[in-house]
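So the structure is just underneath, and the comments pick up after that.
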Protein chains: 2
Amino acid sequence: MKHTLRMTHQREIILAELRKSTSHPTADELYERIRKKLPRISLATVYRNLEILFEAGVISKVEISGRQKRFDYDLEEHDHIYCVKCHRVDNINLPKTQKIVVRQKEQKGYRISGCRIEFYGICPDCRKKQKKELEGDNKMGCSSCELSDKQKEVLEALAKSNDPCGSKDIASVTSLEPKQISCQITALKKKGYVASPVRCKYEITEEGKKALD
Amino acid sequence: MKHTLRMTHQREIILAELRKSTSHPTADELYERIRKKLPRISLATVYRNLEILFEAGVISKVEISGRQKRFDYDLEEHDHIYCVKCHRVDNINLPKTQKIVVRQKEQKGYRISGCRIEFYGICPDCRKKQKKELEGDNKMGCSSCELSDKQKEVLEALAKSNDPCGSKDIASVTSLEPKQISCQITALKKKGYVASPVRCKYEITEEGKKALD
DNA sequence: ATGTACATAGTAATTATTATCAAGTCAAGA
DNA sequence: TCTTGACTTGATAATAATTACTATGTACAT
């Protein structure tokens with residue numbers, strides 16, 4: 001059933017911000033930009049309108065890796081390149097001579113309506129970061145990782161100790177059982193906050209100390 | 001930090017079911033198959049293990065359209081075809097002679113590690129369904145759509161009436177204001193449960209009658 | 001036999017998105 | 001000009017998809 005699509009002020013701003021963007025933003029990224037101009041706009045309004053504008057043929061949806069929906073002002077179908085580290089998406093222009101042809105017997109009974117080509121790799125910014133990391137700018141782990149109460153307790157116990165500790169040592173200064181300590185230590189190792197210089201002995205890392213602040 | 005990966009019974013079943021599948025299932029689809037053999041397995045276990053097995057290099061992750069993660073037993077990179085109607089994913093084998101080459105100047109500073117080609121269209125099953133629909137097997141709307149209480153109220157009022165009704169007519173036999181009726185009607189039209197033979201007059205559809213059962 | 005490490009089930013929490021509804025706003029008709 | 005109808009919004013609830021947490025299970029190492 002047809003209905004008229006009104007070009008509201010909010011929709012004009014959404015389109016303007018999408019037009020400016022070259023990185024095929026997610027709804028959330030676009031929302032952060034739009035609210036600088038429309039402080040009262042709702043995230044639900046952005047989500048709803050991206051879908052409405054796409055269905056009306058005004059913008060296009062970018063089908064690319066990652067869980068979040070991405071949109072593009074450019075209606076002409078083109079190819080993309082995706083950064084596996086920071087999830088950024090850029091356009092890539094291939095010569096029109098490179099066309100993929102699928103023969104009838106390869107089509108598996110599908111009626112094919114299109115083809116997307118997606119390159120993936122590491123973007124210039126993340127390549128720079130990687131180079132710094134290799135040069136000893138040592139930033140392991142993720143300092144912004146949330147810690148559960150039990151993880152904090154274990155990490156604090158390790159922070160107070162000057163020597164590597166075992167599970168029993170930690171249990172004796174916390175309210176946790178040694179078996180519980182073991183589980184928390186596994187999670188903290190994964191986050192890069194705890195290291196094990198010797199088997200069954202643990203110590204806090206620099207990242208772990210930062211995470212406690 | 002490295003650790004040993006144990007091949008538990010659950011993991012063996014997960015791998016066996018993934019191996020049998022040719023449609024690159026989502027975690028949820030795989031879970032439905034696995035629980036026939038392991039009734040007590042947890043969905044969280046399936047999710048966690050798919051990620052672990054992928055990170056261990058035992059299976060591959062299929063990056064394709066749609067919000068859900070998909071996995072494949074086949075480790076060799078290959079191309080896919082995706083049904084835009086039912087979201088099914090199949091393999092497609094292109095001759096190895098068709099290679100996409102990206103010149104240095106086109107790479108935008110990225111270090112490219114790979115390329116995915118995804119075809120999209122309508123699969124054989126959905127093509128059959130479409131043919132039936134065109135032949136008058138009329139199945140519009142979605143009978144399984146949930147209805148809110150207010151939507152039900154409006155639909156029931158329309159079901160009782162033999163003639164097309166306006167908002168005021170519906171308001172007089174329900175607890176809703178005409179303005180509220182208007183909003184509910186918009187939603188019901190979208191679902192295919194209400195039609196408007198004349199402007200400002202509404203009637204229930206066959207789908208709408210079915211949805212009330 | 002005991003301690004350690006990896007794994008699971010059940011459930012809570014998080015992320016990303018969509019539905020609902022009262023109220024706002026604009027267009028059409030009387 | 002007023003009333004009615006239709007589309008839209010902001011706020012919030014709900015849903016879908018996924019991940020984190022924890023007590024407990026199980027296997028391995030000492």
Side-chain angles (χ1 to χ4, degrees), chain A residues 1-11 14 26-29 31 35 38-52 66-70 145-151 166-168 171 176-191 196 198-202, chain B residues 1-11 14 26-29 31 35 38-52 66-70 145-151 166-168 171 176-187 189-191 196 199-202:
Chain A
M1 174 265 183
K2 257 179 180 3
H3 61 289
T4 53
L5 186 80
R6 295 180 192 169
M7 192 45 70
T8 61
H9 185 53
Q10 289 91 335
R11 286 177 179 168
I14 288 170
T26 63
D28 209 55
E29 288 164 354
Y31 173 65
R35 34 197 302 240
L38 297 175
R40 294 211 41 178
I41 198 166
S42 164
L43 178 57
T45 299
V46 176
Y47 266 102
R48 192 169 45 234
N49 277 301
L50 286 171
E51 206 64 41
I52 287 170
R67 278 182 67 205
Q68 288 177 288
K69 287 181 174 177
R70 288 180 181 273
C145 274
E146 281 293 302
L147 289 168
S148 69
D149 290 338
K150 281 171 174 156
Q151 286 166 6
S167 297
K168 269 180 165 169
L176 305 169
E177 307 276 320
K179 199 170 164 65
Q180 291 172 293
I181 305 289
S182 180
C183 285
Q184 302 310 329
I185 293 240
T186 300
L188 289 164
K189 273 179 178 176
K190 201 169 185 180
K191 287 173 173 171
S196 186
V198 187
R199 191 169 183 273
C200 304
K201 296 286 188 190
Y202 313 100
Chain B
M1 174 268 182
K2 257 179 180 7
H3 61 285
T4 54
L5 187 79
R6 294 180 193 170
M7 193 45 67
T8 60
H9 184 55
Q10 289 93 335
R11 285 176 181 168
I14 289 171
T26 64
D28 208 55
E29 288 162 356
Y31 173 66
R35 46 198 291 245
L38 297 174
R40 295 211 42 177
I41 198 165
S42 164
L43 178 57
T45 299
V46 175
Y47 266 102
R48 192 176 45 243
N49 277 301
L50 288 171
E51 204 66 40
I52 287 169
R67 277 182 68 203
Q68 289 178 288
K69 287 181 173 175
R70 290 180 179 271
C145 275
E146 280 296 300
L147 289 168
S148 69
D149 290 337
K150 280 170 177 156
Q151 286 166 7
S167 296
K168 270 178 165 169
L176 305 170
E177 306 278 321
K179 197 172 167 63
Q180 291 171 294
I181 305 289
S182 178
C183 284
Q184 300 311 329
I185 294 241
T186 299
K189 273 181 180 174
K190 203 168 183 182
K191 287 173 172 170
S196 186
R199 191 169 182 275
C200 302
K201 297 285 188 188
Y202 314 99

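Residue numbers start from 1 in every chain, and the chains themselves are labelled A, B, ... in the order their sequence lines are given, proteins ahead of strands.
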Given side chains that start at C-beta, do those of A:Thr45 and A:Tyr31 come closer than 4.5 Å, heavy atoms only? no

In this structure, CZ of B:Arg67 is separated from OG1 of B:Thr26 (nearest 0.5 Å) by 12.5 Å

Want to settle it: does A:Leu43 or B:Ser42 sit nearer the 5' end of DNA chain C, counting the closest nucleotide to each? B:Ser42

Does a side-chain heavy-atom distance below 4.5 Å link A:Gln68 with A:Glu29? no

Of the nucleotides C:dA7, D:dT4, D:dA11, which has the atom closest to the B:Lys168 side chain? D:dT4

When you check the phosphate oxygens OP1 and OP2 of C:dC26, does a side-chain N or O of A:Thr8 lie under 4.0 Å from one of them? no

Which is true for B:Ala187 with a 4.0 Å heavy-atom rule: it touches a base, it touches only sugar-phosphate, or it touches nothing? nothing

Counting only side-chain nitrogens and oxygens, does A:Gln180 get under 4.0 Å of the OP1 or OP2 atom of D:dT22? no

OP1 or OP2 of D:dT18 versus the side-chain N and O atoms of B:Tyr47: is any pair under 4.0 Å? yes

Between P of D:dT24 and CG of A:Leu176, the distance in whole Å: 14 Å

Minimum heavy-atom separation for A:Asn49 and A:Arg11, please, with both atom names. OD1-NE, 2.5 Å

Output yes when at least one side-chain N/O atom of B:Gln10 is less than 4.0 Å from OP1 or OP2 of C:dA7, else no. no

B:Glu29 atom CD is separated from D:dA17 atom C1', nearest whole Å, by 13 Å

Below the 4.0 Å mark, does D:dT18 have OP1 or OP2 next to a side-chain nitrogen or oxygen of B:Lys69? no

Value for CD1 (A:Ile181) from CG (A:Leu188), rounded to nearest 0.5 Å, stands at 10.0 Å

Find the distance B:Ile14:CD1 to C:dT8:C1' and express it as a whole number of Å. 11 Å

N/O-N/O pairs, protein side and nucleotides 26-30 of chain D side, under 3.5 Å:
{"residue": "D:dT26", "atom": "O4", "partner": "A:Lys179", "partner atom": "NZ", "Å": "3.4"}

Rounded to 10 degrees, the angle between the two terminal axes of the helix from C:dA1-D:dT30 to C:dA30-D:dT1, each from five pairs: 10°

In whole Å, I'd like the distance from the OH atom of A:Tyr31 to the P atom of C:dT17. 14 Å

Side chain of B:Arg48 only, please: which of D:dT24, D:dC21, C:dT15 is the nearest? D:dC21

I want to check something: taking the side chain as every heavy atom from C-beta on, are B:Lys69 and B:Tyr47 in contact at a cut-off of under 4.5 Å? no

Quick one: does B:Ser182's side chain have a donor or acceptor within less than 3.5 Å of a partner on B:Pro178's backbone? no

Contact class for A:Ser148 (heavy atom, under 4.0 Å): base, sugar-phosphate, or nothing? sugar-phosphate

When every non-hydrogen atom of B:Ala171 is compared with those of B:Leu176, the smallest separation belongs to CB-O, 3.4 Å

Residue mapping more 5' on DNA chain C - nearest nucleotide basis, B:Leu38 or B:Gln151: B:Leu38

Go nucleotide by nucleotide along DNA chain D from the 5' end; which of B:Lys201 and A:Asn49 gets its closest nucleotide reached first? B:Lys201

Tell me whether the side-chain N/O atoms of B:Thr45 come closer than 4.0 Å to OP1 or OP2 in C:dA9. yes

Are the side chain of B:Ser196 and the backbone of B:Tyr202 linked by a donor-acceptor contact shorter than 3.5 Å? no

For atom CG of B:Leu147 and atom C1' of C:dC21, their distance in whole Å: 16 Å

If you look at every strand shown and take non-hydrogen atoms under 4.0 Å, does A:Tyr202 touch a base, only sugar-phosphate, or nothing? sugar-phosphate

Which part of the nucleic acid, if any, lies within contact of A:Arg11, taking any heavy atom under 4.0 Å across all strands shown: a base, the sugar-phosphate backbone alone, or nothing? sugar-phosphate

What is the distance, to the nearest angstrom, from the CD atom on B:Glu51 to the P atom on C:dT15? 16 Å

Look at B:Gln184 and C:dC21 and indicate whether a side-chain polar atom (N or O) is within less than 4.0 Å of OP1 or OP2. yes

What contact category does A:Asp28 fall into here, base, sugar-phosphate, or nothing, at under 4.0 angstrom with non-hydrogen atoms? nothing

For atom CZ of B:Arg67 and atom P of C:dT17, their distance in whole Å: 6 Å

Under 4.0 angstrom between A:Arg40 side-chain N/O and D:dA11 OP1 or OP2: yes

Side-chain heavy-atom pair A:Ser42, A:Arg48 within 4.5 angstrom cut-off: no

Indicate the atoms forming the closest heavy-atom contact of A:His9 with A:Leu38, along with that distance. CD2-CD2, 3.7 Å

Mind checking A:Ile185 for me? I need base, sugar-phosphate or nothing, with any heavy atom below 4.0 Å counting as a touch. nothing

Counting C-beta onward and ignoring hydrogens, is there a side-chain heavy-atom pair between B:Val46 and B:Asp28 closer than 4.5 Å? no

Quick one: label B:Cys200 by what it contacts on the DNA or RNA (base, sugar-phosphate, nothing), any heavy atom closer than 4.0 Å. sugar-phosphate

When you match B:Gln68 and A:Ile52 each to their closest nucleotide on DNA chain D, which lands nearer the 5' end? A:Ile52

With sugar-phosphate meaning primed atoms plus P, OP1 and OP2, does A:Glu177 contact a base, only sugar-phosphate, or nothing at under 4.0 Å between heavy atoms? nothing

Without decimals, in angstroms, what is the distance between A:Leu5 CG and C:dC26 C1'? 14 Å

